[in-house]
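A quick write-up on the structure given underneath.
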Amino acid sequence: MITNKKPRSSDTDSIYMRDDRTEMSEDDDRSPSPNSITDDSSQTRTYTTGSGPGPGPGSSSVLEYLPPCPDQVLENVLENVLWFLTSRKDRNAASLVCRSWYRVEALTRSDLFIGNCYAVSPKRATSRFTRIRSVTLKGRPRFADFNLMPPNWGAHLAPWVSAMALTYPWLEKVHLKRMSVTDDDLALLAESFSGFKELVLVCCDGFGTSGLAIVASRCRQLKVLDLIESEVSDDDVDWISYFPDTGTCLESLIFDCVECPIDFDALERLVANSPSLKKLRLNRHVSMGQLHRLMVQAPRLTHLGTGSFSPSEDVAQGEQGPDYVSAFAACKSIVCLSGFREIIPDYLPAINPVCANLTSLNFSYANVSAEHLKPIISNCHKLQIFWVLDSICDEGLQAVAATCKELRELRVFPFEAREDIEGPVSEVGLQAVSEGCRKLQSILYFCQRMTNAAVVAMSKNCPDLVVFRLCIMGRHRPDHVTGEPMDEGFGAIVMNCKKLTRLAVSGLLTDRAFAYIGKYGKIVRTLSVAFAGDSDMGLKYVLEGCPRLQKLEIRDSPFGDAALLSGLHHYYNMRFLWMSACNLSNQGCQQIAQALPRLVVEVIKHEDNLDMDENVDTLYMYRSLEGPRDDVPRFVSIL
Amino acid sequence: MGGGAAYENDLNFKATELRLGLPGTGCTNEEQAVSGAKNNKRPLLETREERGSKGKSDPQHDDQETDPAPKARIVGWPPIRSYRKNSLQPKKAEAEAAAGMYVKVSMDGAPYLRKIDLKVYKGYPELLKALENMFKLTIGEYSEREGYKGSEYAPTYEDKEGDWMLVGDVPWDMFLTSCKKLRIMKGSEARGLGCGV
């Protein structure tokens with residue numbers, strides 16, 4: 001019988017929860033108790049479990065053998081069982097049962113997920129979890145991607161990599177999103193973890209090709225190097241050539257966001273030396289001719305990013321080029337295609353041989369018309385993920401709807417991201433997609449005009465929707481047919497889509513839209529609001545009505561201090577709240593900071609407005625175990 | 001990135017500024033708040049006014065949207081990452097990059113070199129500060145006679161004629177036109193350059 005230790009209720013666990021779409025709602029609604037925020041590091045153990053790397057069912061103490069007493073036998077059993085527990089939610093629940101379960105869970109957790117790098121310190125995390133193999137860290141809030149935050153705000157990897165270098169010698173995987181990573185950090189990473197296997201950098205910056213070179217040359221076990229939408233500075237280092245000549249274990253190499261030219265010969269050698277390579281996404285400096293050579297080397301690729309998809313300039317017009325169709329035909333395993341950065345549409349039919357097998361197609365950098373798209377898309381019966389530019393127009397979307405019955409995720413990006421143009425896609429395209437793609441789960445749709453009717457139709461036709469993000473680019477635009485606000489459309493979405501967890505709203509919206517969200521959006525976790533609402537009531541509806549809300553980002557909306565205060569009961573359950581260009585005052589934010597000591601309340605001033613007036617430009621607040629961070633730049637004050 | 005991330009600091013640069021430029025070529029350091037972020041200047045005042053008193057949408061609001069003159073852009077709207085925006089017009093982005101003045105910077109003993117855009121700096125103090133931050137060292141104060149005292153490092157550059165000069169010896173504008181690459185020298189070599197130039 002496990003001894004009846006007092007359960008440690010702790011909201012620390014919610015900080016370690018992943019917000020995977022595939023997992024259920026993540027937060028716990030317990031209000032924090034002051035005693036829970038302490039370390040358990042002083043616990044002593046008389047029974048040392050296997051101290052080597054790797055899970056060891058049955059591995060036992062090597063230093064001292066004491067006849068195990070019943071508690072310890074059970075702890076051993078528990079440890080063996082817990083190794084197989086992978087879901088974060090389950091692990092956090094297990095850790096709350098009692099002290100010994102807390103301890104054993106901490107020993108057996110191998111994946112560490114930190115949704116906000118400032119919610120917990122590296123020291124605290126590495127003290128509690130000592131056997132981590134994989135770390136996921138997220139830094140800046142999403143609105144920072146749109147220049148709403150001055151650079152150098154923070155989210156530095158450095159303190160994390162330093163701490164992990166000391167405590168996780170067996171670290172294999174690092175996955176970062178919106179973090180500032182320097183070349184020195186990459187160097188330390190490469191030096192400290194001899195078994196390092198996977199580096200994934202999403203929307204990161206601060207490093208250059210120098211850092212990549214160090215990773216390439218030092219990490220001999222590297223299987224995955226994925227650079228996704230990150231900013232990589234050109235240090236004039238040919239990083240591709242730093243991979244070992246003798247061969248690599250690379251399975252995935254994604255560098256389509258790297259803007260610097262690469263040495264193609266080095267790349268070709270690398271591909272030839274990497275027999276396990278399955279995923280390769282090239283940057284736009286790779287021409288079609290070069291792509292062809294690589295495809296010939298690597299016909300077993302499953303994921304291909306095609307680079308520029310246009311011939312290099314020194315290919316004469318009309319010259320017989322390589323047989324692209326055959327190259328694609330030979331790659332029988334391709335299921336995911338992307339790239340097409342500088343596409344010459346005439347070459348598009350070359351991909352026909354792989355269309356029937358494609359589950360994911362990314363045309364979001366390809367200025368392709370409906371006419372070019374149709375013959376291609378009509379073969380893509382298995383397509384589940386489709387990213388595209390609005391250059392395909394409503395007509396192109398109708399073609400998608402006609403063929404892609406398995407579509408789960410659609411993203412339609414604007415070719416011209418402006419407010420004052422006619423726009424090639426509209427409610428017509430949205431309606432068509434809703435009728436043709438009944439299994440749709442996630443949509444991101446940029447347009448200039450929309451109607452409530454089409455949005456309502458989607459809410460009824462696509463009951464599996466989990467993510468609905470509609471961006472009507474003209475601010476405050478009403479339904480262009482009826483002239484009414486877009487309240488009813490979004491209301492229908494929250495009402496009818498019972499699985500909806502992520503919502504982004506736009507267009508002309510009154511408080512009524514928010515009333516709907518508060519009333520029906522019971523499992524909404526992420527909400528993005530811009531240029532919407534009439535009064536404080538809008539925000540109040542949401543804060544009072546949405547118990548699962550984790551991430552709330554609002555800009556340019558008329559919500560003030562009173563609305564902010566109405567969320568006091570909920571802020572500890574949220575990962576963060578962002579409000580910029582709203583009606584907040586220093587006083588209001590100060591009240592929040594005083595009421596909730598475990599909340600870090602950052603007021604961010606824009607550089608050209610550093611004088612202290614009462615208006616708050618940007619509020620970014622988040623729960624944290626650590627209090628104010630120590631790397632605050634000049635334009636941030638923590639209340 | 002161009003390595004131009006000048007970090008915030010509390011030093012009163014104006015007071016300690018080493019002016020080497022020609023008379024009248026000074027500037028305020030406040031303008032150089034965060035280098036490399038020039039394209040982040042936002043028409044913030046605009047957003048406030050457009051928001052109106054309580055953000056109510058009304059006919060006046062809508063009129064602004066039908067304003068035929070190319071609208072000054074609202075920051076971060078529509079919400080598209082700049083990477084994506086730039087990718088769709090790569091020629092433009094390249095042209096902007098070409099307008100910069102990129103030189104390589106190496107440092108004795110450092111494993112890798114950097115590239116910086118000289119155009120981003122308004123004068124020697126900013127450049128030196130950026131170099132200090134980039135390579136995590138102190139360069140010290142320049143003096144015409146003794147070069148860079150108080151540090152074992154000295155920033156040098158190769159000019160058009162292939163000569164290695166000490167950074168700071170010539171007026172800033174002349175430096176901009178003649179500098180081909182930078183090298184942060186260490187130790188005796190640095191001292192050798194300091195005198196007798």
ask   = Hey, what do you get for OG (B/Ser106) to CG (A/Asp236), rounding to the nearest 0.5 Å?
value = 11.5 Å
task = Can you tell which part of A/Thr209 gets under 4.5 Å to a heavy atom of chain B, answering side chain, backbone, both or neither?
result = neither
inquiry  = For A/Phe413, is there any backbone N or O sitting under 3.5 Å from a side-chain donor or acceptor partner on B/Arg84?
reply    = no
query = Within a radius of less than 6.0 Å around CZ of A/Phe146, do more than 12 heavy atoms belonging to other residues, nucleotides or ligands occur?
reply = yes
inquiry  = Counting neighbours of CZ on A/Arg411 that are heavy atoms of other residues, nucleotides or ligands and sit closer than 6.0 Å, is the number greater than 12?
reply    = yes
message = Any heavy-atom pair between the side chains of A/Phe446 and B/Pro79 that's under 4.5 Å?
response = yes
key: For the student: nearest non-hydrogen atoms of A/Cys203 and B/Arg81, plus distance   = SG-CZ, 3.6 Å
task = Examine whether an atom of A/Pro414 lies under 4.5 Å from a heavy atom of chain B, and if so say whether it belongs to the side chain, the backbone or both; otherwise answer neither.
result = both
inquiry  = Quick one, A/Leu148 and B/Val75 - any side-chain contact, counting heavy atoms below 4.5 Å?
reply    = yes
Side-chain heavy atoms of B/Trp77 within contact of A/Asp556, under 4.5 Å = no
remark   = Honestly, the part of A/Leu389 sitting under 4.5 Å from a heavy atom of chain B is side chain
task = For each of A/Gly560, A/Cys257, A/Ala532, tally heavy-atom pairs with chain B at distances under 4.5 Å, and name the one with the top tally.
result = A/Cys257
message = Quick check for you: to the nearest 0.5 Å, what is the distance between A/Glu231 atom CD and B/Ser82 atom OG?
response = 7.0 Å
query = Is the shortest heavy-atom distance from the side chain of A/Glu259 to the side chain of B/Asn86 under 4.5 Å?
reply = no
note = Whatever's closer than 4.5 Å to a heavy atom in chain B on A/Asp256 counts as backbone
request  = Check A/Ser364 against B/Leu88 and note the closest heavy-atom contact, atom names and distance.
outcome  = O-CD2, 4.2 Å
